[in-house]
Amino acid sequence: MATLEPPKTIMNDDGQPNGEVPDLSQDALLDMYEAMVTTRLLNERGMKLQRQGRIHFYVGSMGQEASHVGFGAALKETDWYFPHYRDTGVAVLRGASIEEMVHQCYGTAEDHIQGRQMPNHYSFKDINFYSISSPLSTQIPHAVGAAYAAQIKDDDVVTGVAFGDGSTSEGDFHVAMNFAGVWNTPTVFLCQNNQWAISVPTEKQTASESFAIKAKAYGFDGVRVDGNDVLALYQASREAVEKARNGGGPTLIEAVTYRMGPHSSSDDPDRYVPQEDLEAWSNRDPIDLFQAFLHEQNHLTESEDEALRERIKDEIQAGVESAENAEGPTIDSLVEDVYAQVPWHLREQADDLKRFYGERPDMDGGH
Amino acid sequence: MATLEPPKTIMNDDGQPNGEVPDLSQDALLDMYEAMVTTRLLNERGMKLQRQGRIHFYVGSMGQEASHVGFGAALKETDWYFPHYRDTGVAVLRGASIEEMVHQCYGTAEDHIQGRQMPNHYSFKDINFYSISSPLSTQIPHAVGAAYAAQIKDDDVVTGVAFGDGSTSEGDFHVAMNFAGVWNTPTVFLCQNNQWAISVPTEKQTASESFAIKAKAYGFDGVRVDGNDVLALYQASREAVEKARNGGGPTLIEAVTYRMGPHSSSDDPDRYVPQEDLEAWSNRDPIDLFQAFLHEQNHLTESEDEALRERIKDEIQAGVESAENAEGPTIDSLVEDVYAQVPWHLREQADDLKRFYGERPDMDGGH
Amino acid sequence: MTLVEAVNDGLNTAMHEDDRVVVLGEDVGVNGGVFRATDGLYDAYGEERVIDTPLAEAGIIGTAMGMALYGLRPVPEIQFLDFIYPGFDQIVNEVAKIRYRSGGQYTAPMVIRTPYGGGIRGGHYHSQSSEAYFAHTPGLKIVIPSTPTDTKGLLLASIQDEDPVMFLEPKRVYRAVKEDVEEGYYETEIGEARIAREGDDVTVIAYGAMLHVALQAAQTAEEEGVSVEVIDMRTLVPFDKDTLEASVKKTGRAVLVQEAPRTGGFMGEISAFLHERLILNLEAPIQRVTGLDTPFPYTLEEEYLPTPTRVLDAVDEVLSY
Amino acid sequence: MTLVEAVNDGLNTAMHEDDRVVVLGEDVGVNGGVFRATDGLYDAYGEERVIDTPLAEAGIIGTAMGMALYGLRPVPEIQFLDFIYPGFDQIVNEVAKIRYRSGGQYTAPMVIRTPYGGGIRGGHYHSQSSEAYFAHTPGLKIVIPSTPTDTKGLLLASIQDEDPVMFLEPKRVYRAVKEDVEEGYYETEIGEARIAREGDDVTVIAYGAMLHVALQAAQTAEEEGVSVEVIDMRTLVPFDKDTLEASVKKTGRAVLVQEAPRTGGFMGEISAFLHERLILNLEAPIQRVTGLDTPFPYTLEEEYLPTPTRVLDAVDEVLSY
Ligand SMILES: Cc1ncc(C[n+]2csc(CCOP(=O)(O)OP(=O)(O)O)c2C)c(N)n1
Ligand SMILES: Cc1ncc(C[n+]2csc(CCOP(=O)(O)OP(=O)(O)O)c2C)c(N)n1
Ligand SMILES: [Mg+2]
Ligand SMILES: [Mg+2]
């Protein structure tokens with residue numbers, strides 16, 4: 001992909017504008033920043049909790065905070081967001097509480113999903129943040145179907161859907177893009193090209209010139225944007241979202257970024273990620289960049305920044321304490337939500353299990 | 001797709017060259033013609049046998065004889081062909097006998113595949129003509145995997161794989177194209193764009209400008225060719241095959257053609273195919289075109305043509321008689337070829353069945 | 001009205017009553033479906049609600065799920081059950097699990113309609129009977145009608161059900177069974193079996209096209225003085241344990257008929273279930289009459305499929321045990 | 001050597017002996033597999049034979065099939081069984097049926113390796129145990145080892161087998177079970193069960209990680225004076241009917257353990273089979289100890305999975321019948 005034009009940017013490496021800055025209020029800018037910082041801090045704490053054996057897994061998004069937050073910020077609250085598993089920042093931006101997220105990572109009874117999924121697999125319907133799945137790319141057709149439904153109901157709703165570079169290789173990416181093209185749905189696709197699918201680099205993923213160009217196969221446009229530049233991401237997403245909202249159909253956005261951490265807490269990237277790459281990309285850390293921009297534009301002082309980070313850390317700490325003192329889910333919760341009503345065979349199975357475990361087993365794990 | 005450049009042609013509507021004619025011997029040209037005519041005549045007879053209830057199904061390729069024969073002719077005998085179900089002509093070109101094909105359509109004991117598949121689902125390993133499957137697009141990754149295998153074994157083998165326009169919407173098309181791009185396999189893809197997938201027209205199939213352009217998403221070239229012009233198809237295929245053979249990697253060829261009959265014997269196209277389209281396309285019937293070319297170039301006289309058709313018809317008639325007098329497959333054949341050896345449970349099941357049916361039931365059906 | 005006409009009538013009734021209902025799939029629109037199950041719907045409800053999709057089962061199921069999440073009631077058609085597998089991941093990992101994994105926040109009520117089973121000379125790609133895959137997938141309900149009346153009532157109930165339903169239509173009897181079918185809206189309850197024929201000596205349990213094979217066997221048995229009770233399961237998950245238990249308690253003997261390959265078929269589950277609960281009531285081992293553990297053949301399909309004769313043979317066997 | 005090291009040793013041995021063998025999948029190359037099953041192979045055999053593929057299971061299985069048709073012996077890895085379904089169509093409609101549909105002209109011998117089952121805190125997308133889907137698919141052999149020695153021997157036999165094999169690796173015991181494993185090449189025969197522990201009072205049948213649960217239960221039972229025979233099925237299709245029959249004939253009682261959801265699981269088939277053949281030998285109904293009919297949970301996975309206690313409870317039940 002070496003001969004391609006560089007992706008669109010708005011901030012230079014010092015966080016200074018080198019393009020037209022989108023028209024965003026100070027509040028809006030600070031919300032985006034807070035979402036990015038929260039994501040980073042949750043990531044740090046989550047990885048630590050995992051190493052301490054207090055939670056069992058964590059999948060972070062170090063380096064990719066701008067990629068999803070810039071995109072998420074371009075959507076309205078009423079728009080539906082279909083997340084990639086790294087998109088904690090969008091949940092924060094839309095109003096998910098840190099406490100809820102920590103309970104999810106611990107899988108407690110207070111977790112909205114009753115400890116049924118691995119950490120970071122959030123689901124927040126009240127803020128139109130769709131349930132995260134582990135199987136890759138499966139959410140992409142859902143976003144297209146929901147957009148179709150919104151369209152025929154005449155609702156003013158756009159769907160945004162995010163996924164990784166590796167995820168474009170799955171059949172579900174292809175079928176979803178193709179249906180979106182034919183139906184001209186109000187859907188914006190975000191490919192977060194972080195250069196890796198676990199250990200597989202993009203050149204083993206596809207021979208295509210770029211990910212953006214894949215949109216051509218479906219009859220709509222693709223754009224390549226600097227994924228570490230939250231303003232550039234916002235701007236490109238905004239245009240795509242407006243186009244979709246006005247009946248102009250789908251767009252594919254490729255956010256060119258880099259995964260600055262392990263794939264997940266189970267991964268050891270030293271086996272395959274070149275140290276030079278990490279060093280090179282760390283000069284364009286999305287949070288540093290945006291921080292410099294906000295300082296320079298007088299939106300945020302250093303001490304305000306400090307205070308913000310302290311507040312977030314405290315919230316995380318409070319969440320951890322709350323989760324560590326919470327009870328685990330009940331045996332009955334094991335058989336609920338399989339169907340709208342618990343059918344006879346599941347009732348029998350739960351009752352049988354209660355002979356062994358009572359109503360509510362102790363939370364296990366290392367905490 | 002209206003604004004696209006017209007697809008490449010070599011013959012005008014009267015079968016006269018309007019481009020450079022590929023360097024093919026008279027024998028080669030006549031073989032191609034014979035394969036096309038055989039396909040057409042088998043089609044006619046097959047549909048009739050189906051209407052008479054003597055066979056139970058037929059899937060023809062009226063109008064598409066050039067699309068697959070031009071492509072097949074560009075491959076060497078040692079190259080592997082992964083057919084679409086309409087590609088009878090390639091089987092003929094490679095040497096499949098009419099008799100074998102008719103036995104397959106009747107599902108007799110002399111059918112190489114023991115009456116295990118619907119009519120037209122041929123399989124001729126000795127001529128590298130791969131087994132036809134009903135599920136669409138599944139053969140596309142097989143062609144890529146086989147090409148990969150040939151490549152690492154250093155065999156001088158290209159794989160050619162054909163499918164319809166509708167088949168490009170399946171995930172298997174996408175994954176196969178993507179793997180071929182990354183692995184740079186010697187594979188040539190033929191999309192026979194006959195404008196329909198049963199009743200669904202191309203504009204409901206994809207919003208892409210063309211099918212050829214889809215290759216861009218995988219980092220290789222696509223070309224659009226007049227699918228009714230067997231010489232143009234041959235020429236484009238030849239170039240792609242040579243490129244593949246020389247390490248240049250895959251190519252996607254889009255053959256722009258029209259389905260001049262029903263989807264299959266189960267279909268009634270009057271419900272959805274516009275009569276005007278059929279009329280317009282019948283002026284570029286691929287066999288008429290090629291026939292005119294051959295006459296004009298003095299490769300074939302009218303009486304030779306007549307004789308050829310009579311001979312083919314006689315062969316078909318002989319095949320029909322042979323098949324109608326053949327026995328059906330045995331009960332044991334029901335449980336063979338599931339595994340290399342018949343395991344105990346299948347042995348038991350076959351033995352149990354023989355209590356009811358003996359060794360070999362009567363052939364059923366209308367004949 | 002034939003069974004396939006009952007499908008059509010059910011869809012038409014549902015779309016008329018409830019504008020959340022949309023139909024999508026290959027050839028379901030202008031063409032009215034390759035079996036004519038959606039005939040006339042395109043003209044009646046327009047292309048927004050009767051959607052000819054691109055050719056991709058994963059896309060059909062996946063976008064239908066998106067519609068369901070958003071509040072529509074999609075009824076995707078898969079042209080043949082044999083072609084459902086490109087959409088299998090969407091069904092088993094997404095449609096079936098979304099309610100559970102989201103703690104009930106998101107649900108995907110939808111009815112995946114598809115013709116299934118042998119007997120139409122379709123070879124191994126137009127004849128499969130793979131209900132067992134779906135029955136082993138928690139989160140799905142599995143409904144298989146065998147008569148026109150049940151087809152319409154169960155289809156309407158499935159569309160109103162809050163859970164995703166696999167609705168498998170026995171295409172072999174699409175046109176073979178006719179009945180007067182009630183006009184207008186009615187539901188037949190999911191989860192209830194039907195005693196298709198009462199009898200005392202042995203219980204034959206079946207569903208789909210095999211129900212008719214069982215009934216034919218029962219008819220012949222009666223002529224031979226044997227009284228066969230025939231149960232039409234209608235719902236495989238959750239199945240009607242009470243009706244099954246009561247009948248087998250009464251007769252003490254059971255023959256289970258499925259056209260799917262024997263090993264791992266759903267009747268293995270029913271056999272295990274009955275045996276676990278009723279061993280003391282059983283006068284003879286439960287017998288299964290099934291398809292073979294092979295891909296579905298073309299020429300020999302009559303021999304592959306269970307027949308009344310083979311069912312009778314099993315009936316004789318349990319009676320003479 | 002651990003079980004996962006035995007996989008690695010088996011692959012290494014096969015690749016060393018037979019240059020038709022290639023390994024492909026997500027992260028199997030440079031990274032050596034997310035469970036390190038292919039560790040070192042990339043360095044030893046190069047990127048042509050140890051292939052990091054694009055992220056698409058349909059592509060992995062589909063191209064592997066093309067390689068097998070051409071004469072290679074591909075061993076595709078699916079990172080978790082839970083992610084196999086995008087390739088399900090290729091497996092059930094293509095890999096499983098090609099020999100049959102081509103009259104034996106084309107074959108696709110290949111070994112689809114994949115870690116499966118719960119017990120590693122993987123939630124419902126890293127814990128599934130869906131062997132029943134594959135066991136109900138004629139044309140596939142289903143092999144599930146439970147010890148390092150068997151893992152290597154069965155893997156080598158599977159790679160040399162002329163038929164496609166689903167090779168399911170119980171990841172919960174990837175590192176929990178250690179054994180001295182024979183060096184070099186050896187095969188363990190497909191289709192043969194193993195009596196993991198001899199006993200007289202009751203037969204417990206299991207496979208994969210559940211074998212170890214069964215053995216623990218047997219150990220405890222012995223302390224309570226009950227003699228349990230434990231059978232490791234090792235191959236589900238074609239299963240070893242003789243060993244199963246002989247053991248249950250001897251003990252007259254059987255408990256079947258599977259971690260998969262109960263309904264439609266493979267142990268339903270075994271229950272039906274044993275009951276059909278051995279009803280007169282059975283002193284009590286066969287009991288199944290299984291996972292629940294729910295998606296696999298995260299927090300409560302220990303409660304979801306069969307435990308030695310639950311197995312013992314079933315043993316008590318069949319003994320006190
Ligand atoms: C269908 C499927 N196959 C395999 C996996 C295992 N897996 C989890 S993440 C991952 C890599 C994803 O890469 P990409 O799409 O680029 O996203 P990223 O992790 O880089 O954000 C893989 C292979 C999975 N979750 N789902
Ligand atoms: C996976 C799958 N889905 C659906 C079908 C049913 N079907 C058979 S042919 C066909 C249309 C194929 O269209 P196209 O690929 O354009 O090929 P054509 O028939 O036009 O040559 C359909 C939908 C199938 N065979 N396989
Ligand atoms: Mg990535
Ligand atoms: Mg077509």
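In what follows, chains carry the letters A, B, and so on, assigned in the order in which the sequence lines appear, proteins first and then strands, with residues in each chain numbered from 1.
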Give the member of C:A284, C:G265, C:G139 that has the highest number of heavy-atom pairs under 4.5 Å with chain D. C:G265
Determine, using ring centers only, whether C:Y85 and D:Y85 are less than 6.0 Å apart. no
What's the shortest heavy-atom distance between C:A272 and D:G268, and which atoms? CB-O, 3.9 Å
If we count only N and O atoms by modelled type, under 3.5 Å, do the side chains of C:T137 and D:Y133 hold a donor and an acceptor together? yes
How about C:Y100 and D:P297: do any of their side-chain heavy atoms sit closer than 4.5 Å? yes
Can you tell me if C:K249 has over 12 outside heavy atoms packed within less than 6.0 Å of its NZ? no
Considering only heavy atoms, which portion of D:L236 lies under 4.5 Å from any heavy atom of chain C: side chain, backbone, both, or neither? neither
For residues D:Q128 and C:N93, determine if any side-chain heavy atom of one lies less than 4.5 Å from a side-chain heavy atom of the other. yes
Where on D:A58 is there a heavy atom nearer than 4.5 Å to chain C: the side chain, the backbone, both, or neither? neither
Select, from D:E57, D:R288, D:H124, the one with the greatest count of heavy-atom pairs under 4.5 Å involving chain C. D:R288
Can you tell which part of D:Y125 gets under 4.5 Å to a heavy atom of chain C, answering side chain, backbone, both or neither? side chain
Can any side-chain N or O of C:D89 pair as donor or acceptor with the backbone N or O of D:I84 at less than 3.5 Å? no
Check: D:T263 main-chain N/O paired with C:H136 side-chain donor or acceptor under 3.5 Å: yes
Segment of C:R101 engaging chain D (4.5 angstrom heavy-atom cut-off): both
Looking only at D:G87, D:A135, D:P86, most heavy-atom pairs under 4.5 Å shared with chain C are made by D:P86
Of all heavy-atom pairs linking C:E269 and D:R262, the shortest is OE1-O, 3.5 Å
Is a side-chain N or O of D:H275 found less than 3.5 angstrom from the main chain of C:I286, in a donor-acceptor match? yes
Evaluate the side-chain proximity of C:L280 to D:Y321: yes if any heavy-atom separation is below 4.5 Å, no if none is. yes
